[in-house]
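Okay, structure first, notes after.
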Amino acid sequence: RTMKIRASQIGRIMSSPRTKSEKLSQTTKSYILELAIAEKYGIVKEFWSRYTDKGNEVEDEAIALVNNVLNVGFIFKNEENLKNEWLTGTPDVNTDVLIDVKSSWDSFTFFEKVVEDELKNKDYYYQLQGYMWLTGKTEALLCYCLIDTPLQIVEDEIRREHWRQNLISESDDLRAFVEAKHTFGHIDKEKRVKTFKIAKDDNVIEAIKTRIEECREYYNELIERI
């Protein structure tokens, strides 16, 4: 079976097993099991959170902010799903430059990235290696963005904070406190984009390819067992 991996999930298959005698880590096995269940029974494991909800809702705004701040020519959202023999993936931007945007939850998570000298998130590093493999580009930009949180999510946060503090009646001060945590228009737009430049690494891509082949062996075993 020619199972393919989503570029956004490469990090899950590249995690190291606990012992040298194991080919695949438990994280990898869990992900491959999800794929096998989806293939055999049509049941897809979904994951969402307030953080991913925000990222999905403000993606267009994040791309527009990057387009406004970075001098990389005109960019626009990519809708094309790319694939090769091993991978599938949909980069956020695939014009003259390859860009993936990540919208931070709040100013604290964003500025943690600002003070990083190099990208520490291995999942995102592997994701962009996958996108470069799919597109043939030799360089990619990962752009963290600080975008106002959508109003509905802010309202949910206000309700959550009232519940956490056991408040029945709405507190204007608490509402203002939560809203301030999710509104960033007073920060210069140039300071609301943090970019990491990532170069294609053929050795990493070969390692990904080898791991996918190992995952396929396990996947085919699971298809027979479940």
Look at the side chain of [X] and the backbone N and O of [Y], then say whether any donor-acceptor pair between them is shorter than 3.5 Å.
{"X": "D188", "Y": "K191", "result": "no"}
{"X": "N68", "Y": "A64", "result": "no"}
{"X": "D106", "Y": "T109", "result": "yes"}
{"X": "D92", "Y": "I99", "result": "no"}
{"X": "T28", "Y": "L24", "result": "no"}
{"X": "R192", "Y": "L146", "result": "yes"}
{"X": "N67", "Y": "I63", "result": "no"}
{"X": "K194", "Y": "F111", "result": "no"}
{"X": "K29", "Y": "C215", "result": "no"}
{"X": "Q129", "Y": "I10", "result": "no"}

To the closest 0.5 Å, what do you measure between [atom1] ([X]) and [atom2] ([Y])?
{"X": "I158", "Y": "L151", "atom1": "CD1", "atom2": "CG", "value": "9.0 Å"}
{"X": "L222", "Y": "L35", "atom1": "CG", "atom2": "CG", "value": "9.5 Å"}
{"X": "E118", "Y": "I198", "atom1": "CD", "atom2": "CD1", "value": "10.5 Å"}
{"X": "Y131", "Y": "L142", "atom1": "OH", "atom2": "CG", "value": "10.5 Å"}
{"X": "K113", "Y": "E116", "atom1": "NZ", "atom2": "CD", "value": "5.5 Å"}
{"X": "Y125", "Y": "D201", "atom1": "OH", "atom2": "CG", "value": "4.5 Å"}

Step through the shown structure and confirm whether more than 12 heavy atoms of other residues, nucleotides or ligands are within 6.0 Å of [atom1] on [X].
{"X": "R175", "atom1": "CZ", "result": "yes"}
{"X": "D96", "atom1": "CG", "result": "no"}
{"X": "K83", "atom1": "NZ", "result": "no"}
{"X": "K45", "atom1": "NZ", "result": "no"}

Return the minimal non-hydrogen interatomic distance between [X] and [Y], and the atom names on each side.
{"X": "L134", "Y": "T88", "value": "CD1-C, 3.8 Å"}
{"X": "T52", "Y": "S49", "value": "OG1-N, 2.8 Å"}
{"X": "A36", "Y": "I223", "value": "O-CD1, 3.8 Å"}
{"X": "V154", "Y": "V178", "value": "O-CG1, 4.3 Å"}
{"X": "R6", "Y": "Y31", "value": "N-OH, 3.9 Å"}
{"X": "Y144", "Y": "F110", "value": "O-CE1, 3.4 Å"}

Under 4.0 Å between a Lys/Arg side-chain N and an Asp/Glu carboxylate O for [X] and [Y]?
{"X": "E139", "Y": "K200", "value": "no"}
{"X": "R50", "Y": "E157", "value": "yes"}
{"X": "E214", "Y": "K23", "value": "no"}
{"X": "K54", "Y": "E57", "value": "no"}

| field | Stepwise side chain to side chain contact (heavy atoms under 4.5 Å, CB included) test for V93 and F76 | value | CA-CA 6 Å; V93 174; F76 54 88; over 6 Å; no
Do you reckon [X] sits in the same ILVMFWY cluster as [Y], going by side-chain contacts under 4.5 Å, direct or chained?
{"X": "V66", "Y": "L119", "result": "no"}
{"X": "F108", "Y": "V114", "result": "no"}
{"X": "I147", "Y": "W105", "result": "no"}
{"X": "L141", "Y": "M132", "result": "no"}
{"X": "I75", "Y": "V69", "result": "yes"}

Contact between [X] and [Y] at the side-chain level, heavy atoms closer than 4.5 Å - yes or no?
{"X": "R12", "Y": "E34", "answer": "yes"}
{"X": "I13", "Y": "Q9", "answer": "no"}
{"X": "E61", "Y": "L65", "answer": "no"}
{"X": "V204", "Y": "M14", "answer": "no"}
{"X": "I208", "Y": "Y126", "answer": "yes"}

Quick one: do the [X] and [Y] side chains pair a donor with an acceptor below 3.5 Å?
{"X": "K102", "Y": "Q127", "value": "yes"}
{"X": "E22", "Y": "T19", "value": "yes"}
{"X": "T183", "Y": "D148", "value": "no"}

| task | Determine, stepwise, if the pair T95 / F74 fulfils side chain to side chain contact (heavy atoms under 4.5 Å, CB included). | result | CA-CA 8 Å; T95 51; F74 180 69; over 6 Å; no
| task | Show your working on side chain to side chain contact (heavy atoms under 4.5 Å, CB included) between T2 and E85 and close with a plain yes or no. | result | CA-CA 8 Å; T2 55; E85 186 179 342; 6.0 Å; no
| said: Pair Y218, M3 - check side chain to side chain contact (heavy atoms under 4.5 Å, CB included), show working. | reply: CA-CA 11 Å; Y218 183 64; M3 174 209 72; over 6 Å; no
| said: Pair T90, N81 - check side-chain hydrogen bond (donor to acceptor under 3.5 Å, both in side chains), show working. | reply: CA-CA 5 Å; T90 310; N81 183 257; 2.9 Å; yes
